[in-house]
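Heads up, the thing below is written out as structure tokens.
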Number of protein chains: 2
Amino acid sequence: MTTQSPAVSPLEAHLGYWLRFVSNHISHAFSRKLFARDVTVAEWVFLRELYERDAVAPSELATRLGMTRGAISKLTDRLAAKSLLERTAGGNDRRYQSLTLTRSGRALVPKLAQLADENDEEFFGHLPRTERRMIENSMKEIARRRDLKTIPIE
Amino acid sequence: MTTQSPAVSPLEAHLGYWLRFVSNHISHAFSRKLFARDVTVAEWVFLRELYERDAVAPSELATRLGMTRGAISKLTDRLAAKSLLERTAGGNDRRYQSLTLTRSGRALVPKLAQLADENDEEFFGHLPRTERRMIENSMKEIARRRDLKTIPIE
DNA sequence: TATTGTTATACTCTATAACTATA
DNA sequence: TATAGTTATAGAGTATAACAATA
């Protein structure tokens with residue numbers, strides 16, 4: 001040993017380490033799949049949200065996704081440049097915009113969702129259903145206890 | 001409903017979603033704790049690795065942490081500027097450097113490790129030991145099956 | 001020629017804050 | 001004055017690639 005050191009818990013002693021380890025690999029694998037469709041993970045979450053509830057104002061999306069309005073603005077630029085969504089002037093209050101998926105944007109989401117399904121299956125498909133459900137319930141319980149709200153992007 | 005759409009699996013249908021959701025919150029909580037010590041998560045992993053095996057070459061660290069040599073170089077700059085580590089000219093092969101923790105760097109690591117312990121306890125402390133071990137084993141099994149190697153930073 | 005470490009560039013995300021148009 | 005959206009700036013990551021020094 002080169003230096004005398006007090007005992008310190010190793011990185012691998014933490015459950016958070018293992019969660020992050022696996023979670024990051026899953027996200028990267030997913031982002032590689034999305035790359036073939038020229039979409040980032042943040043863009044996927046954005047598109048999926050618009051698919052669910054169309055004609056949303058940027059500020060509402062910012063709240064829902066836990067991002068700043070500036071970040072939403074930049075994401076909107078990129079997605080509009082790819083012709084996946086459109087900005088529309090709002091209704092009565094002319095400060096508000098309305099974000100809507102284009103036809104091609106709407107057509108893309110189910111394909112991306114399938115990539116998400118495949119990715120999940122790749123990593124968890126071998127686990128027994130009960131074990132998967134147990135892990136999912138543990139995560140939901142942590143989210144509930146700590147009152148976690150915003151959707152994770154990274 | 002504003003638009004007719006084919007059924008698409010929601011984000012929350014994926015176990016990967018919940019893992020990322022919780023994992024990102026855990027990391028952010030940890031990074032807020034580290035912030036009080038003026039250290040980022042990437043710097044923590046870096047310091048923890050040097051604590052374990054001192055006098056490592058940057059290129060070896062890059063391999064071990066799954067980062068590029070450029071990224072290691074930048075991190076080394078920052079940590080050296082904080083006087084937490086030192087670059088030393090190598091031995092026979094003068095291309096190699098040797099990275100070593102300073103006295104203050106070595107003194108800091110146990111304090112950061114305690115923050116990591118506290119963070120893990122905050123999020124998982126309420127779970128029964130058997131459940132914690134089960135999740136940890138599931139994650140390790142996924143890492144083993146998929147041959148995952150690099151340490152996660154984000 | 002190959003390798004080590006540095007540097008430059010570009011990209012995606014983060015955050016804060018200034019700015020405009022509108023209410 | 002407050003709010004919606006844009007823009008600018010800075011920082012922490014990622015990646016690729018060029019480069020000097022050394023082997």
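Throughout, a chain's letter reflects where its sequence line sits, starting with A, and its residues are numbered from 1.
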TODO: Identify whether the distance between the nearest side-chain nitrogen and carboxylate oxygen of A:Asp77 and A:Arg87 falls below 4.0 Å.
DONE: yes
Task: With sequence neighbours excluded, residues passing side chain to side chain contact (heavy atoms under 4.5 Å, CB included) with A:Glu121 - done: A:Arg132
Open item on the list: Can you see if the side chain of B:Ser73 gets near the phosphate of C:dG5 - specifically, an N or O under 4.0 Å from OP1 or OP2?
Closed with: no
Task: Residues which pass side chain to side chain contact (heavy atoms under 4.5 Å, CB included) with A:Thr40, listed by chain and number, not counting sequence neighbours - done: A:Ala42, A:Glu43, A:Arg78
Open item on the list: In this structure, how many angstroms lie between the P atom of D:dA20 and the CD atom of B:Gln97, rounded?
Closed with: 18 Å
- [ ] On DNA chain C, check which nucleotide each of B:Pro58 and A:Arg78 is closest to and give me the residue with the more 5' one.
- [x] B:Pro58
TODO: Select base, sugar-phosphate, or nothing to describe what B:Thr68 touches, counting heavy atoms under 4.0 Å on all strands.
DONE: base
Open item on the list: Taking the minimum atom-to-atom distance to the side chain of A:Leu75, which one of C:dG5, C:dC13, C:dT14 wins?
Closed with: C:dC13
Open item on the list: I'd like to compare against my own output: the B/S/- annotation of nucleotides 17-23 of chain C with a strict under-4.0 Å heavy-atom distance to protein.
Closed with: -----BS
TODO: May I have the distance from A:Arg32 (atom CZ) to C:dC11 (atom P), rounded to whole angstrom?
DONE: 21 Å
Task: With B:Thr88 via side chain to side chain contact (heavy atoms under 4.5 Å, CB included) - residues at least two apart - done: B:Ser98, B:Thr100
TODO: Compare all side-chain heavy atoms of B:Phe123 with those of B:Asn119 and state whether any distance is below 4.5 angstrom.
DONE: yes
Open item on the list: Whole angstroms only, please: what is the CD1-P distance between A:Ile72 and C:dT12?
Closed with: 16 Å
- [ ] Just jot down the side chain to side chain contact (heavy atoms under 4.5 Å, CB included) partners of B:Arg145, sequence neighbours excluded, or say none.
- [x] A:His126, B:Glu141
TODO: Calculate the interatomic distance between A:Glu43 atom CD and C:dT12 atom P; express it in whole Å.
DONE: 8 Å
Task: Between C1' of D:dT14 and CG of A:Leu34, the distance in whole Å - done: 16 Å
Open item on the list: So, OP1 or OP2 of D:dG13: does either fall under 4.0 Å of a side-chain N or O from B:Thr40?
Closed with: yes
TODO: Answer yes when A:Lys33 and A:Glu122 have at least one side-chain N-carboxylate O distance shorter than 4.0 Å, and no when they do not.
DONE: yes
- [ ] Without swapping roles, check the side chain of B:Thr102 against the backbone of B:Leu84 for a donor-acceptor pair under 3.5 Å.
- [x] yes
Open item on the list: With each end axis built from five pairs of C1' atoms, what bend angle do you get for the helix from C:dT1-D:dA23 to C:dA23-D:dT1? Round to 10°.
Closed with: 30°
Open item on the list: Please report the distance, rounded to the nearest Å, between NZ in A:Lys74 and P in C:dT12.
Closed with: 9 Å
Open item on the list: For the backbone of A:Arg69 and the side chain of A:Ser73, can you confirm whether one donor and one acceptor N or O come within less than 3.5 Å of each other?
Closed with: no
Task: Among C:dT4, D:dG5, C:dT16, the one nearest B:Tyr96 by side-chain distance - done: C:dT4
Open item on the list: From CE of B:Met67 over to C1' of D:dT16, roughly how many Å is that when rounded to an integer?
Closed with: 15 Å
